[in-house]
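Structure record follows, encoded as structure tokens.
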Amino acid sequence: MIGTLEHIAIRVPAGAWDAAVADLATMLGHTAERPDTCCARFQLANMALLIEPGGEPGTTATGLSRLAFNCPDLARAERVLSRRAVAFERTRDGLAVSPASSHGVPVLIGARPAAAASAPADPAAVAGLDHVVIRTPNPERAVAFWAGRLGLDLRLDRSNADWGARLLFFVCGDLVVEIAHDLKQGVSDGPDTLWGLSWRAADIARLHARMAGAGVAVSELRKGRRPNTQVFTVKSHTGGVPTLVIGGDGLARRGGET
């Protein structure tokens with residue numbers, strides 16, 4: 001039913017929108033498209049990042065605010081969702097899944113055609129998205145929704161006491177929707193939450209150096225959990241979203257990285 005992840009949206013305070021767009025352009029190394037005064041779009045190789053204004057600080061939730069998936073046949077998607085008891089609303093942009101069905105994660109299913117990246121590939125720019133992280137208090141419920149109802153391919157289900165987490169990896173195109181469960185918190189019926197992003201680097205050392213030189217706060221490079229990878233944490237210019245960058249020879253392998 002679902003083909004690829006079309007976009008992820010970040011909501012920022014209205015008064016900080018211009019600054020957030022500028023910060024993310026610096027961090028990503030891409031130029032934003034601004035089709036109007038209330039949305040900026042960074043088109044990367046495998047998805048788009050949208051920056052949208054919310055209300056004033058303290059009045060509207062900010063941070064990651066939506067996952068939007070491409071579906072080549074919306075009429076079929078409507079039938080499948082209905083048969084699988086997924087509540088949704090038809091909008092001009094596609095099918096907006098009810099938060100009650102998605103357990104709190106805003107999900108849109110649309111049919112926007114794939115777009116070219118907004119800038120030529122550059123080793124010193126972010127190459128694309130590796131995975132988006134969702135936190136859940138109920139991993140079995142997450143499997144039932146993401147795999148059973150939306151049809152994403154569950155490729156990994158791994159618990160690790162050293163990490164204190166159970167990780168579920170659902171493949172979508174060439175990236176992953178990662179569901180993370182805190183083992184110490186136990187299982188509950190609370191909502192799932194969109195949490196963080198992990199970006200790919202074609203040349204992670206060069207990307208790390210460019211960000212640091214541009215005034216982006218970054219951690220030191222360190223060994224990744226995925227074999228033959230390196231990672232670093234981005235501590236500023238992220239729109240308030242927990243952000244990781246991953247690169248290295250093992251990047252193509254699906255493994256555990258948060």
Side-chain angles (χ1 to χ4, degrees), residues 5 8 10 19-32 42-49 51 63-64 117-135 155-156 158-183 194-258:
L5 180 66
I8 295 175
I10 298 177
V21 172
D23 281 350
L24 283 154
T26 298
M27 188 272 287
L28 295 170
H30 289 259
T31 301
F42 293 94
Q43 183 63 54
L44 286 89
N46 61 352
M47 51 77 71
L49 183 68
I51 316 303
L64 292 177
S118 60
D122 184 334
V126 165
L129 187 71
D130 190 73
H131 58 272
V132 53
V133 181
I134 297 169
R135 287 184 163 176
R155 294 282 184 88
L156 179 72
R158 178 176 296 165
S159 296
N160 190 307
D162 291 337
W163 305 341
R166 178 179 175 185
L167 303 179
L168 304 165
F169 276 61
F170 299 85
V171 173
C172 182
D174 72 340
L175 54 83
V176 161
V177 176
E178 176 184 317
I179 311 293
H181 172 63
D182 187 335
L183 294 174
L194 276 171
W195 186 75
L197 300 174
S198 179
W199 299 103
R200 292 177 184 159
D203 183 333
I204 193 165
R206 184 171 173 182
L207 177 56
H208 183 266
R210 180 191 65 77
M211 285 193 192
V216 179
V218 292
S219 72
E220 295 297 319
L221 282 167
R222 61 186 185 275
K223 183 178 179 180
R225 290 175 182 164
R226 196 180 308 175
N228 300 313
T229 60
Q230 288 184 298
V231 301
F232 66 89
T233 303
V234 185
K235 302 177 180 180
S236 70
H237 296 67
T238 66
V241 176
T243 299
L244 189 82
V245 175
I246 180 171
D249 295 338
L251 189 59
R253 300 191 186 99
R254 293 266 64 88
E257 184 63 58
T258 57

field: Audit row: Leu197, Leu64, side-chain contact (heavy atoms from CB on, under 4.5 Å) steps and yes/no
entry: CA-CA 9 Å; Leu197 300 174; Leu64 292 177; 4.0 Å; yes
- line: Here the gap from Phe232 atom CZ to Glu220 atom CD, rounded to the nearest 0.5 Å, amounts to 11.0 Å
- line: So salt bridge (charged side-chain N to carboxylate O under 4.0 Å, His left out) across residues 232-243, not counting sequence neighbours, yields none
- request: Could you grab the distance from atom CG of Asp174 to atom CG of Asn46, nearest 0.5 Å is fine?
  value: 4.5 Å
statement: OG1 (Thr31) and CZ (Phe42) are apart, to the nearest 0.5 Å, by 8.0 Å
message: For a side-chain contact (heavy atoms from CB on, under 4.5 Å) check, start with the C-alpha distance between Ile8 and Leu129, then their side-chain angles and the critical distance, and finish with the verdict.
response: CA-CA 10 Å; Ile8 295 175; Leu129 187 71; 3.7 Å; yes
- request: Taking side-chain hydrogen bond (donor to acceptor under 3.5 Å, both in side chains) as the test, write out the residues that go with Thr26, two or more places apart.
  value: none
field: Partner residues of Asp23 under the side-chain hydrogen bond (donor to acceptor under 3.5 Å, both in side chains) criterion, sequence neighbours left out
entry: none
- prompt: So, are Asp162 and Arg225 salt-bridged, with charged N and O less than 4.0 Å apart?
  reply: no
Could you list the donor-acceptor pairs under 3.5 angstrom formed by side chains in residues 201-208, with sequence neighbours left out?
unit_1: Asp203; atom_1: OD1; unit_2: Ala205; atom_2: N; d: 3.4
unit_1: Asp203; atom_1: OD1; unit_2: Arg206; atom_2: N; d: 3.1
unit_1: His208; atom_1: NE2; unit_2: Ser219; atom_2: O; d: 2.7

message: Measuring from atom CE of Met27 to atom CG of Leu49, what distance do you get when rounded to the nearest 0.5 angstrom?
response: 7.5 Å
query: Should the pair Arg158 and Trp163 be classed as cation-pi, given the thresholds of under 6.0 Å to the six-membered ring centre and 45° from the axis?
result: no
- prompt: Looking at residues at least two apart in the chain, or sitting in another chain, which of them share a side-chain hydrogen bond (donor to acceptor under 3.5 Å, both in side chains) with Arg166?
  reply: Glu140, Asp157
Positive for side-chain contact (heavy atoms from CB on, under 4.5 Å) with Trp199, one of Leu44, Asp130, Ile246, Thr238: Leu44
- prompt: Are any of the side-chain heavy atoms of Arg135 and Asp182 separated by less than 4.5 Å?
  reply: no
- request: State the OG1-CG distance between Thr243 and Leu24, to the nearest 0.5 angstrom.
  value: 8.0 Å
